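Beneath this line is the structure, given in structure tokens, with notes to follow.
Everything numeric in this text was worked out from a predicted model, so none of it was measured.
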Amino acid sequence: MNKLILYAAILAAGIAAPFVFPNYTTQVSVLWVMVLLALTWDMQGGQMGYNSLGNIFFFGLGMYVSAVVQVGLFQPVAEYMDSSSLEVFTFTPAEYWTGLVLGIPAGGIFCAIAAIPMGFIFFGLRGPYFAIGTLAVAVAAGELFSTWEWVGAGSGVTMPSFPHHPDLAKLSFYFMNFVLAVACFGTLAWLYSTRFGIAINAIRDDEQKAEGMGLHTTRYKCVNWSIAAFFLGMSGAVFGNLVGFIDPREVAFATITFGIFMVVMPLLGGKGTLWGPVVGAFIFHTFKEATWTYLLGWQWVALGGLIILIVVYFQDGIMGWLMRTKPEWFGIRVEGREREMQEARAMEAAE
């Protein structure tokens, strides 16, 4: 019952936020992107024990796939992407919404399919080799797309313009990001409660023993990565339309910003837990926006200090710390703790 009330309160707050704080619609919209990035990274790094540094690859790939679909359905892609062209390309409202509705799932599906063969290659690596290998893919993708003329190269891609009022654009993309984050959370909450969740946790705890028990570990790892890639691809597609311009290094394959953020957020909130990435995303994004506003020029110093604080004092994250200090909040009974609590209540009553 308490969980249902919590979920209902979060949904109500998410729906009401752009109307209560209309001047911060874009910032809150990006918050839901951060929640999704944190949740999808935790699928590998927290739940399965494979610390990927290249999940941003799927975010950027979905962005480009969606852009190609949105443009290619109605205009020649090469000519549209050519920054030296003087021709003006326009999209009717019907063409814009058709391209967007088809482009977003296309980005997710393409990334999910691409993750399967990549998984068979990279999941042969363990530990730091896996992390470095995935990071190399993301960095290489940024360099490749910055030289690929067919998709705009280093000049980037200007997305089709939203055909209605700018306020409606903010509201539309806000709810797209909100729905994606909620759908991702709901999917993972269900997955983690099934045999699939037990299997990927077994891989994290001891992969060799998991294989010895008959688990097809490679299959589980690839499916897990494919699900994460699906949500990342769709999120990237929406985010590309939200910002209106895709730069290959700074927006699509932003390894030094979003690529780092998606790792820090689950660590802050508590990796390997369902709510940890969500809590970490809320705290980190709020901290980031505050430092970008009030400490401009020192924002990276502040973020670096936050990361040091996490590593030194909160190695298990906020959720891990709470589970140690307040286990009863999570329905965990510790022998002797209930008696201590009863004695403390009795002393308070006597006083």
Shared ILVMFWY cluster between [X] and [Y], side chains joined below 4.5 angstrom?
| X | Y | answer |
| --- | --- | --- |
| Leu191 | Ile116 | no |
| Ile109 | Val179 | no |
| Trp190 | Ile227 | yes |
| Leu135 | Tyr129 | yes |

Judged by modelled atom types alone, do [X] and [Y] share a side-chain donor-acceptor pair under 3.5 Å?
| X | Y | value |
| --- | --- | --- |
| Asn51 | Trp41 | no |
| Trp32 | Tyr174 | yes |
| Thr217 | Glu211 | yes |
| Ser66 | Gln70 | yes |
| Arg204 | Tyr50 | no |

- Message: Could you check whether Phe130 and Phe122 have their ring centres less than 6.0 Å apart?
- Response: no
>> Using ring centroids (six-membered ring only for Trp), state whether His285 and Phe287 fall under 6.0 Å.
In response: no
To the nearest 0.5 Å, what is the distance between [atom1] ([X]) and [atom2] ([Y])?
| X | Y | atom1 | atom2 | value |
| --- | --- | --- | --- | --- |
| Trp150 | Glu79 | CH2 | CD | 12.5 Å |
| Cys184 | Leu37 | SG | CG | 9.5 Å |
| Lys221 | Ile200 | NZ | CD1 | 12.5 Å |
| Phe231 | Asn55 | CZ | CG | 14.0 Å |
| Met118 | Ile113 | CE | CD1 | 14.0 Å |
| Met159 | Phe91 | CE | CZ | 9.0 Å |

Show, in sequence, the C-alpha distance, side-chain angles and deciding distance for Tyr96 and Phe74, and conclude whether the ring-ring contact (aromatic ring centres under 6.0 Å, His included) test is met. CA-CA 9 Å; Tyr96 177 87; Phe74 307 104; over 10 Å; no
Contacts under 3.5 angstrom, residues 264-283 side chains, donor-acceptor by atom type, not counting sequence neighbours:
from   : atom 1 : to     : atom 2 : distance (Å)
Thr273 : OG1    : Gly270 : O      : 2.7
Thr273 : OG1    : Gly276 : N      : 3.0

Flag yes if more than 12 heavy atoms outside [X] fall under 6.0 Å of its [atom1] atom; otherwise flag no.
| X | atom1 | answer |
| --- | --- | --- |
| Leu144 | CG | yes |
| Phe110 | CZ | no |
| Phe89 | CZ | yes |
| Tyr7 | OH | yes |
| Phe21 | CZ | no |

Heavy-atom closest contact ([X] atom, [Y] atom, distance):
| X | Y | answer |
| --- | --- | --- |
| His164 | Leu168 | CB-CD2, 3.7 Å |
| Val28 | Ala17 | CG1-CB, 4.3 Å |
| Val71 | Pro160 | CG2-CG, 4.3 Å |

I'd like to know if the side chain of [X] and the backbone of [Y] have a donor-acceptor N/O pair within less than 3.5 Å.
| X | Y | answer |
| --- | --- | --- |
| Asn177 | Phe173 | yes |
| Arg249 | Glu143 | no |
| Asn241 | Ala237 | yes |
| Tyr24 | Ser29 | no |
| Ser226 | Cys222 | no |
| Thr25 | Lys170 | no |

Only residue of Phe230, Phe57, Phe123, Phe120 satisfying ring-ring contact (aromatic ring centres under 6.0 Å, His included) with Trp225 is Phe123
**OP:** Could you give me the CA-CA distance, side-chain angles and deciding distance for Phe245 and Glu250, then say whether side chain to side chain contact (heavy atoms under 4.5 Å, CB included) is met?
**Re:** CA-CA 10 Å; Phe245 180 78; Glu250 301 297 326; over 6 Å; no
